[in-house]
Engineer: 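Questions regarding the structure given below will be posed in turn.
So you know, we letter chains A, B, ... as the sequences are listed, proteins then strands, and number each from 1.
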Number of protein chains: 2
Amino acid sequence: MYRKAAVRAAPADSGSMSGVTTDLDPTRVDRGTESEPPLSRRRERTRERLLDAAYGLFAEHGINGTSIEAVCEAAGFTRGAFYSNFDSKDELFLALTEREIRTRMRSLEVAVEHLPDDPVRDGVIAPDTIAAIVAAVMADPRDERRWCLMNAELELLALRDPQVAVRFAEQEESFRDELADLLTRVLTQVGMRFAIDPVAATRVLISAYTGAARDAFLGPAGEDAVLRAQSTDWLPALVGRLVEPDPAAA
Amino acid sequence: MYRKAAVRAAPADSGSMSGVTTDLDPTRVDRGTESEPPLSRRRERTRERLLDAAYGLFAEHGINGTSIEAVCEAAGFTRGAFYSNFDSKDELFLALTEREIRTRMRSLEVAVEHLPDDPVRDGVIAPDTIAAIVAAVMADPRDERRWCLMNAELELLALRDPQVAVRFAEQEESFRDELADLLTRVLTQVGMRFAIDPVAATRVLISAYTGAARDAFLGPAGEDAVLRAQSTDWLPALVGRLVEPDPAAA
DNA sequence: TGTATCCGATGCGCGAACGTATCGGATACA
DNA sequence: TGTATCCGATACGTTCGCGCATCGGATACA
């Protein structure tokens, strides 16, 4: 259990550090209705730094291939800091993926709000638009390769551990549903609709995009953009087959 | 280097290594034009047993999560046997995946030869037929869950190591091409064709099937069949969108 | 059946990583 | 300014897995 009640053996020093005044308490990160005691500033920053470091290392070497010590070193801490903040490597990983997925979901919500402002009027261009949206939403703006690896790692973990499987499945489902909504809305705006169940179609698109991204990253690094462009090339064609004119359109 | 030239600390015997008169010549598994010295019977069986054991363990706990010792124990050997047969865990894993992929390819070839005997005459039924073929070919007849996990593990490895990436990409490509051929042939028989590039369409189908299988295995074990059936449900619909009547058909 | 030659078993030392128990400095509040 | 509290650093002992060097039993041929 991290954050154990500090039962200390009262040292003799008592050196008082006038220190740099406040930094902590008043600025508690009050998280509305979070159950656990709110984290102090300091604490939250070290957590963040540990998570950042873990992101790179987990992506590059896998969960099992990364030692806790390596994470701490990369973050500029020692193991003591880690065990003070997390119970185990697994918990660290889950916290990390949750943070990343939250980011992803937020970008999707942003897309929902902002994209409809640009109504595409030509039905023919719809497939490319849809493909572009899928690509834009799926792609981690900052670091797609890492995201791809982390996701694969998470999938693997979920496939083995029923506990994380349910969480993973829920996340995927809500993401998928939201994306399906967005795409349906965009299609409606251009007088089209999915020719099959929208969620199923979204599922297909996600699978296709993910697979294409993976293939792209299998090639030599550096040509990522090029390869991905090529691989992504056939996505519009696929979208073209998944949509059809909406008879209910004006 | 496994199989090192037995440079034993030349004991007092000084028995002149009478040339390398080979020990198990007659039973050599002569593999036509394989480069390396053919393996003896005994050796090949222990290799096989090690691979079998590794299959289960790698699938369940991952490559990094599995110790060489665990593999040896599961196979009924000790580490000595392992190091006599393989250089490293990675090499073991690659040998394993190659064996499995060879199996998969063989089943695909069998499908190529045997399926055309059953010409489906009704065009409407084609989608289900295609979906069934995809499912039949993709599925490991014996142990689909394990295959799913192993494949994910292999992907991850390929994403990180350019060396295995090229091998992986080649394997995937040849598999995909062959499957595309098969599907195209079947479609032709029923007077249909892919509406988009056949290879692209096959790519989509593989992605979709793989994704569906993964989702199925995320649910509680035991209901595999049920869940998979549900998940697979929308595959025919997808196929229906990917094919169209062939104008060149009689 | 004898025997040279593999092949896998066994034993050992080493290093990495883990988890805990404890310490010292920094922080917030009186 | 004094002081209680928290947080991260440090220092252990332990366990695990690795890889090598060596040995004994099995195997195929003469």
Side-chain angles (χ1 to χ4, degrees), chain A residues 1-28 37-47 49-50 61 63-73 75-90 92, chain B residues 1-11 13-28 37-47 49-50 57 61 63-73 75-90 92:
Chain A
M1 297 305 177
Y2 64 105
R3 228 179 183 195
K4 41 189 83 169
V7 180
R8 189 114 88 94
D13 84 300
S14 86
S16 69
M17 293 332 222
S18 54
V20 192
T21 65
T22 78
D23 167 29
L24 289 192
D25 258 21
T27 45
R28 283 286 169 84
L39 307 153
S40 72
R41 268 287 159 83
R42 198 174 159 202
R43 202 170 180 76
E44 205 183 48
R45 266 187 318 191
T46 71
R47 263 183 79 100
R49 278 171 60 189
L50 283 169
H61 307 109
I63 308 177
N64 286 322
T66 304
S67 69
I68 292 179
E69 200 153 18
V71 175
C72 297
E73 191 177 357
F77 290 109
T78 58
R79 291 213 311 288
F82 174 84
Y83 283 106
S84 167
N85 281 278
F86 299 95
D87 271 354
S88 64
K89 206 159 58 170
D90 278 340
L92 169 65
Chain B
M1 302 302 180
Y2 64 105
R3 226 180 187 194
K4 37 190 86 165
V7 182
R8 246 349 157 104
D13 79 318
S14 83
S16 64
M17 310 291 225
S18 56
V20 194
T21 51
T22 68
D23 86 313
L24 318 152
D25 262 20
T27 45
R28 285 283 167 82
L39 305 153
S40 73
R41 272 284 160 81
R42 196 175 160 202
R43 205 172 177 74
E44 207 184 47
R45 266 187 318 189
T46 70
R47 261 183 80 99
R49 277 171 59 189
L50 282 171
L57 290 173
H61 307 108
I63 307 177
N64 285 323
T66 305
S67 69
I68 293 179
E69 197 156 19
V71 175
C72 297
E73 191 177 357
F77 291 111
T78 58
R79 290 213 310 284
F82 174 84
Y83 283 106
S84 167
N85 281 278
F86 299 94
D87 271 355
S88 64
K89 208 159 57 170
D90 278 340
L92 169 65

Engineer: Could you tell me which residues satisfy side chain to side chain donor-acceptor pair (under 3.5 Å) with A:Glu69, sequence neighbours excluded, listed by chain and number?
Structural biologist: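 Per chain and number, A:Glu69 pairs via side chain to side chain donor-acceptor pair (under 3.5 Å) with A:Arg79.
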Engineer: What's the CD-C1' distance between B:Glu69 and D:dT15, to the nearest Å?
Structural biologist: 12 Å
Engineer: Given D:dC16, is OP1 or OP2 found less than 4.0 Å from the side-chain N or O atoms of B:Ser67?
Structural biologist: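 False: B:Ser67 side-chain N/O out of range (4.0 Å or more) of D:dC16 OP1/OP2.
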Engineer: Please report the distance, rounded to the nearest Å, between CG in B:Leu50 and P in C:dG8.
Structural biologist: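 Rounded to whole Å, this separation is 8 Å.
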Engineer: Nearest heavy-atom pair of B:Leu50 and B:Val71: which atoms, and what distance?
Structural biologist: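 Heavy atoms only, the tightest pair is O-CG1, 3.8 Å.
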Engineer: Could you summarise the pairing of DNA chain C as dot-bracket text, marking Watson-Crick and G-U pairs under 3.5 Å with ( ) or [ ] inside the strand and | across strands?
Structural biologist: ||||||||||||||||||||||||||||||
Engineer: If every non-hydrogen atom of A:Phe82 is compared with every non-hydrogen atom of A:Leu92, which pair is closest and at what distance?
Structural biologist: CE1-CD2, 3.8 Å
Engineer: Please report the distance, rounded to the nearest Å, between CG in A:Asn64 and C1' in D:dG17.
Structural biologist: 14 Å
Engineer: Under 3.5 Å, is there a donor-acceptor pair between the side chain of B:Arg43 and the main chain of B:Ser84?
Structural biologist: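 Yes.
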Engineer: Rounded off to whole Å, could you give me the CD-to-P distance for the B:Glu73 and D:dG17 pair?
Structural biologist: 10 Å
Engineer: B:Cys72 and B:Thr78: which non-hydrogen atoms are nearest, and at how many Å?
Structural biologist: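 Looks like SG-O, 3.6 Å.
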Engineer: By side-chain contact (heavy atoms from CB on, under 4.5 Å), which residues pair with B:Thr46, not counting sequence neighbours?
Structural biologist: B:Phe77, B:Asn85
Engineer: Applying side-chain contact (heavy atoms from CB on, under 4.5 Å) to B:Ile68 and B:Tyr83, what does each step give before you reach the verdict?
Structural biologist: CA-CA 9 Å; B:Ile68 293 179; B:Tyr83 283 106; 3.5 Å; yes
Engineer: Of B:Arg45 and B:Ser88, whose nearest nucleotide on DNA chain D comes first from the 5' end?
Structural biologist: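 The residue mapped nearer the 5' terminus is B:Ser88.
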Engineer: Would you kindly give the CD1-to-C1' distance between B:Ile68 and D:dC16, to the nearest whole Å?
Structural biologist: 13 Å
Engineer: Who are the side-chain contact (heavy atoms from CB on, under 4.5 Å) partners of B:Ser88, not counting sequence neighbours?
Structural biologist: B:Asp90, B:Glu91
Engineer: If I take atom CZ in residue B:Arg49 and atom P in nucleotide C:dC7, what distance separates them, rounded to the nearest angstrom?
Structural biologist: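 It works out to 15 Å between those atoms.
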Engineer: Tell me whether B:Lys89 contacts the main-chain N or O of B:Ile63 through its side chain, where contact means a donor paired with an acceptor under 3.5 Å.
Structural biologist: yes
Engineer: Rounded to whole angstroms, how far apart are CZ on B:Arg41 and P on C:dC7?
Structural biologist: 14 Å
Engineer: Report the distance from atom CD1 of B:Ile63 to atom P of D:dG17, rounded to the nearest whole Å.
Structural biologist: 16 Å
Engineer: Dump the pairs, protein N or O against N or O of nucleotides 8-11 of chain D, anything under 3.5 Å, distances to one decimal.
Structural biologist:
unit_1	atom_1	unit_2	atom_2	d
D:dG8	OP1	A:Thr46	OG1	3.2
D:dG8	OP2	A:Asn85	ND2	3.3
D:dA9	OP2	A:Thr78	N	2.8
D:dA9	OP2	A:Thr78	OG1	2.6
D:dA9	O5'	A:Thr78	OG1	3.3

